[in-house]
Amino acid sequence: MKIEVLAILFMLVVGFSGCISTETPTMTHTSPENTTTQQLTTTKLDKIWVYVNNSEYNVTILVPVNIAKEVEELLANIIIEQIDIAAKEGYSGAGFRVYVLKFPKVPESIKLRVDFSPVLNGTIVTSNTIPSIGIVYDGKVYSGNITIKKPLRKTKADYQLKFSEIKNRTRLGTIFTLGVEVEVFVEKTGDNEWKIFAVWNNETVGGIYYSRG
């Protein structure tokens, strides 16, 4: 009798243990505009994946668990403006595109980088459609990517000029948006060749060469 009871207990224990899930724990938060997902890694339980996915952009980054909520709130509320810049003589010319990314208030415990440059006053300008993003926390850098898709905010800046009159660097104009100033220049770089470029924070953030025979 004792042997039969022990056998039944053993079968119950084995059957129960077989129902325990070994899948990676995942937390998902949804809203009408954003879908954010946090997924624990299978190798280290001290870090977690933060995903943001909406109609304008995606973000993916692996960060420490204790700052995941702050990072999620930060990355789920980015404002992006697309700026299309062109310099033309009549219908002939060249153009390029830059993006202004404005973040909400960055928590004091972390620092934010985009394309390896520090984010100043919550804003940065880039010409990359997939800029890198870095979260600096406790002396370490945690890296990810932003994929820019279809920003709702758009600005168009077209400049008419005579390229033959451009000898040196010439400022075409300044674009004011989201608290930043983006200056647009044209410069002669060779025989029948010019460079049209944008400058923000004393750095060139995008440009294109134009040449004609």
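These numbers come from a predicted model, not from an experiment.
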Which heavy atom of Tyr209 sits nearest to which heavy atom of Ala94, and what is that distance? O-CB, 4.4 Å
Side chains of Gln160 and Asp158: is there a donor and an acceptor less than 3.5 Å apart? no
Would you check if the side chain of Trp194 reaches a backbone N or O of Phe163 as a donor-acceptor pair within less than 3.5 Å? yes
Between Lys88 and Gly95, is there a donor-acceptor pair closer than 3.5 Å when you use the side chain of the first and the backbone of the second? no
Can you name the closest pair of heavy atoms from Tyr142 and Tyr137 and give their distance? CE1-O, 3.9 Å
Which value, rounded to the nearest 0.5 Å, describes the distance between Arg97 atom CZ and Gln82 atom CD? 4.0 Å
Taking side chain as C-beta onward, heavy atoms only, is Val141 less than 4.5 Å from Arg113? yes
Please round to the nearest 0.5 Å and tell me the distance separating atom CD of Glu81 and atom OG1 of Thr177. 3.0 Å
Let me check something: do Val65 and Val52 share a hydrophobic cluster, defined by ILVMFWY side-chain heavy atoms less than 4.5 Å apart, either directly or through other members? yes
Is Lys149 reaching over with its side chain to a backbone N or O of Pro151, donor-acceptor style, under 3.5 angstrom? no
Please report the shortest heavy-atom distance between Tyr57 and Asn77, naming the atom on each side. OH-N, 3.6 Å
Side-chain heavy-atom pair Ser92, Arg212 within 4.5 angstrom cut-off: no
Go through it in stages, so that I can follow the logic: the residues are Leu74 and Ile110, the test is side chain to side chain contact (heavy atoms under 4.5 Å, CB included), and I'd like the CA-CA distance, side-chain angles, deciding distance and then a yes or no. CA-CA 11 Å; Leu74 175 68; Ile110 67 176; 4.1 Å; yes
Atom of Ala68, atom of Val63 and distance for their closest heavy-atom approach: CA-CG2, 3.9 Å
Ile135 side chain reached by Ile67 side chain, heavy atoms, under 4.5 Å: yes
Do you reckon Ile196 sits in the same ILVMFWY cluster as Val199, going by side-chain contacts under 4.5 Å, direct or chained? no
Do Phe116 and Val114 belong to the same hydrophobic cluster, where Ile, Leu, Val, Met, Phe, Trp and Tyr are linked whenever their side-chain heavy atoms lie under 4.5 Å apart, directly or via other members? no
Flag if over 12 foreign heavy atoms under 6.0 Å of NZ, Lys111: no
Specify the closest pair of heavy atoms between Ile85 and Ala198, including all atoms of both residues, with the distance to one decimal. CD1-CB, 4.1 Å
Would you call Val125 and Ile83 a side-chain contact if the rule is heavy atoms closer than 4.5 Å? no
With no hydrogens and no angle check, is any side-chain donor or acceptor of Asn121 less than 3.5 Å from a backbone partner on Thr123? no
Parallel, tilted or perpendicular: ring planes of Phe185 versus Phe197, cut at 30 and 60 degrees: parallel
Atom pair CD1/CG of Ile80 and Asn54 - distance to nearest 0.5 Å: 7.5 Å
Side chain to side chain contact (heavy atoms under 4.5 Å, CB included) assessment of Val98 paired with Ser127: CA-CA 4 Å; Val98 298; Ser127 60; 4.2 Å; yes
Might you work through the side chain to side chain contact (heavy atoms under 4.5 Å, CB included) test for Phe103 and Leu75, ending with a clear yes or no? CA-CA 7 Å; Phe103 295 83; Leu75 300 181; 4.1 Å; yes
I would like to know whether Val50 and Val59 meet side chain to side chain contact (heavy atoms under 4.5 Å, CB included); could you show each step before the answer? CA-CA 8 Å; Val50 174; Val59 185; over 6 Å; no
Is there a side-chain contact between Val100 and Thr155 (heavy atoms, below 4.5 Å)? no
Roughly how far, to the nearest 0.5 Å, is the OG1 atom of Thr189 from the CD1 atom of Ile166? 12.0 Å
Common cluster, Leu62/Val136, ILVMFWY with side-chain heavy-atom separation under 4.5 Å: no
d(Asp191 CG, Glu193 CD) to nearest 0.5 Å is 9.0 Å
Lys195 side, atom NZ; Phe96 side, atom CZ - distance, nearest 0.5 Å: 9.5 Å
Whether Glu56 side chain and Leu152 backbone form a donor-acceptor pair below 3.5 Å: yes
Where Asn128 and Tyr99 come nearest, the two heavy atoms and their spacing: O-CD1, 3.9 Å
